[in-house]
Trainee: 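Here it is, the structure, as structure tokens.
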Amino acid sequence: MKRSEKSLNLTIILLAGLSVLFLVMLFIAPRVFTAYCEADNTSVGARNTLIGVFYGCTPSAILTLVYLFKFLFNIKKGEVFCNSTVKYIKILSYTCLSVVPLSLPLCYFFLAGFPIPMAAGFMWLFFRVLKNAFERGSEIKNENDLTV
């Protein structure tokens, strides 16, 4: 097995583990956030905001996990520079962008919440750059396929 294939398989396994952890958090998040806020002597409003932001970002997180799997399996099949891969990266960029306004209420209650919308915005920008690179690579591949 090639080194890159091992790395790809490891990435898929880690993503599956992260998906399971996320599914578990969907059921225990209120208890976890309540315990955190009680230990930190944080207000009930902060706890409710934390829970609301978590569940508000859940659709974006689910879409991100689904399209990351699709993206990785496209790579595994050898379909790297194709329209579906570009589409998956574009969707991933939008899921990151959607988290920015959803996570802003955290910044009001938690100083440590500021990096979350900033990181989501950075990931949106990263995926846009990646999409443009893959889109250009797809165009070059299609041109080369036509000349052969």
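Remember, predicted model here, so these are calculated numbers, not experimental data.
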Trainee: The criterion is salt bridge (Lys or Arg N to Asp or Glu O under 4.0 Å); which residues satisfy it with Lys131, sequence neighbours excluded?
Mentor: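 Only Glu135 meet the salt bridge (Lys or Arg N to Asp or Glu O under 4.0 Å) criterion with Lys131.
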Trainee: Any chance you could measure Asn83, atom CG, to Asn142, atom CG, to the nearest 0.5 Å?
Mentor: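 Nearest 0.5 Å value for the CG-CG distance: 6.5 Å.
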Trainee: More than 12 non-hydrogen atoms from neighbouring residues, nucleotides or ligands closer than 6.0 Å to CG on Leu21, yes or no?
Mentor: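 Yes, CG of Leu21 has more than 12 neighbouring heavy atoms, counting only those of other groups under 6.0 Å.
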Trainee: Quick check against the 3.5 Å criterion: does Asp40 have a side-chain atom that pairs as donor or acceptor with the backbone of Tyr36?
Mentor: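 Answer holds: no.
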Trainee: Against Phe33, only a single residue in Thr49, Asn48, Ile51 fulfils side-chain contact (heavy atoms from CB on, under 4.5 Å); can you say which?
Mentor: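 So, applying the side-chain contact (heavy atoms from CB on, under 4.5 Å) to Phe33 and each of Thr49, Asn48, Ile51, only Ile51 qualifies.
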Trainee: Kindly give the heavy-atom pair with the smallest separation between Cys96 and Trp124, and that separation in Å.
Mentor: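 Between these two residues, the closest heavy atoms are CB-N, 3.7 Å.
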Trainee: Under the side-chain contact (heavy atoms from CB on, under 4.5 Å) rule, what do Phe127 and Lys90 come out as? Steps first, then yes or no, please.
Mentor: CA-CA 7 Å; Phe127 277 122; Lys90 189 175 185 179; over 6 Å; no
Trainee: So which heavy atom on Pro117 is nearest to which on Cys107, and how close?
Mentor: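 Nearest heavy atoms, Pro117 then Cys107: CG-SG, 3.8 Å.
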Trainee: So, the side chain of Thr42 versus the backbone of Glu38: is there a donor-acceptor pair under 3.5 Å, distance only?
Mentor: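 Side chain of Thr42 to backbone of Glu38, a donor-acceptor pair under 3.5 Å: no, none is there.
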Trainee: Any link between Val86 and Leu68 through a network of hydrophobic side chains (Ile, Leu, Val, Met, Phe, Trp, Tyr) touching at under 4.5 Å?
Mentor: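 Val86 clusters together with Leu68.
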Trainee: Can you hop from Leu125 to Val99 via hydrophobic side chains spaced under 4.5 Å?
Mentor: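 Different clusters.
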Trainee: Say whether Val129 and Phe71 are linked into one hydrophobic cluster, either directly or through other cluster members, by side-chain heavy-atom distances under 4.5 angstrom.
Mentor: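 Different clusters: Val129 never reaches Phe71 through Ile, Leu, Val, Met, Phe, Trp or Tyr contacts under 4.5 Å.
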Trainee: Taking atom CZ of Phe54 and atom CE of Met25, what is their separation to the nearest 0.5 Å?
Mentor: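 It is 4.5 Å, given to the nearest 0.5 Å.
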Trainee: In the single-linkage hydrophobic clustering (I, L, V, M, F, W, Y; side-chain heavy atoms under 4.5 Å), do Met123 and Leu104 co-cluster?
Mentor: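 The answer is no; the residues belong to distinct hydrophobic clusters.
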Trainee: Could you point out which residue of Ser60, Ser93, Ser103 forms a side chain to side chain donor-acceptor pair (under 3.5 Å) with Ser98?
Mentor: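 Option passing the side chain to side chain donor-acceptor pair (under 3.5 Å) with Ser98: Ser60.
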Trainee: Holding to side-chain contact (heavy atoms from CB on, under 4.5 Å), I want the full list of residues that pass it with Tyr108, two or more places apart in sequence or in another chain.
Mentor: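 Scan of Tyr108 (side-chain contact (heavy atoms from CB on, under 4.5 Å), adjacent residues dropped) gives none.
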Trainee: To the nearest 0.5 Å, what is the distance between CG (Leu8) and CZ (Phe73)?
Mentor: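 Output value for this atom pair is 8.5 Å.
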Trainee: Please determine whether side-chain contact (heavy atoms from CB on, under 4.5 Å) holds for the pair Phe22 and Ile62, giving the CA-CA distance in whole Å, both sets of side-chain angles, and the decisive distance to 0.1 Å.
Mentor: CA-CA 9 Å; Phe22 178 72; Ile62 291 170; 3.7 Å; yes
Trainee: Do Asn9 and Lys76 come close enough that some side-chain heavy atom pair is under 4.5 Å?
Mentor: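 Heavy-atom side-chain distance check passes, below 4.5 Å.
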Trainee: Distance-only, no hydrogens or angles: does the Ser19 side chain make a donor-acceptor pair with backbone N or O of Leu15 under 3.5 Å?
Mentor: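 Yes; judged by distance alone, with no hydrogens or angles, the pair exists.
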Trainee: Compare every heavy atom of Cys57 with every heavy atom of Leu102, then report the nearest pair and how far apart it is.
Mentor: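 Closest approach of Leu102 to Cys57: CB-SG, 3.7 Å.
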Trainee: For Leu23 versus Phe27, what's the shortest heavy-atom pair and its separation?
Mentor: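 Heavy-atom minimum between the residues: O-CD1, 3.1 Å.
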Trainee: Taking the side chain from Thr85 and the backbone from Glu79, do they hold a donor-acceptor pair closer than 3.5 Å?
Mentor: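 Yes, because the side chain of Thr85 sits within donor-acceptor range (under 3.5 Å) of the backbone of Glu79.
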Trainee: Can you name the nearest heavy-atom pair linking Leu92 to Thr95, along with the distance?
Mentor: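 Leu92 and Thr95 have their closest heavy atoms at O-OG1, 2.7 Å.
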Trainee: Between Ser138 (side chain) and Phe134 (backbone), is there a donor-acceptor pair under 3.5 Å?
Mentor: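 Not at all, since once roles are kept as given, no pair shorter than 3.5 Å links the two residues.
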Trainee: Any chance you could lay out the side-chain contact (heavy atoms from CB on, under 4.5 Å) test for Phe110 and Leu50, step after step, and finish with the verdict?
Mentor: CA-CA 9 Å; Phe110 301 100; Leu50 192 56; 4.2 Å; yes
Trainee: Donor-acceptor pair, Ser7 side chain versus Arg3 backbone, under 3.5 Å?
Mentor: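 No; judged by distance alone, with no hydrogens or angles, the pair does not exist.
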Trainee: Are Tyr55 and Val66 connected in a single hydrophobic cluster, I mean Ile/Leu/Val/Met/Phe/Trp/Tyr linked by side-chain heavy atoms less than 4.5 Å apart?
Mentor: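 In one cluster with Val66: Tyr55, yes.
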Trainee: Which pair of non-hydrogen atoms, one from Leu106 and one from Gly113, has the smallest distance, and what is that distance?
Mentor: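 Smallest interatomic distance, heavy atoms only, reads CB-CA, 4.4 Å.
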Trainee: Could you walk me through whether Ile89 and Tyr67 pass the side-chain contact (heavy atoms from CB on, under 4.5 Å) check?
Mentor: CA-CA 8 Å; Ile89 297 172; Tyr67 281 96; over 6 Å; no
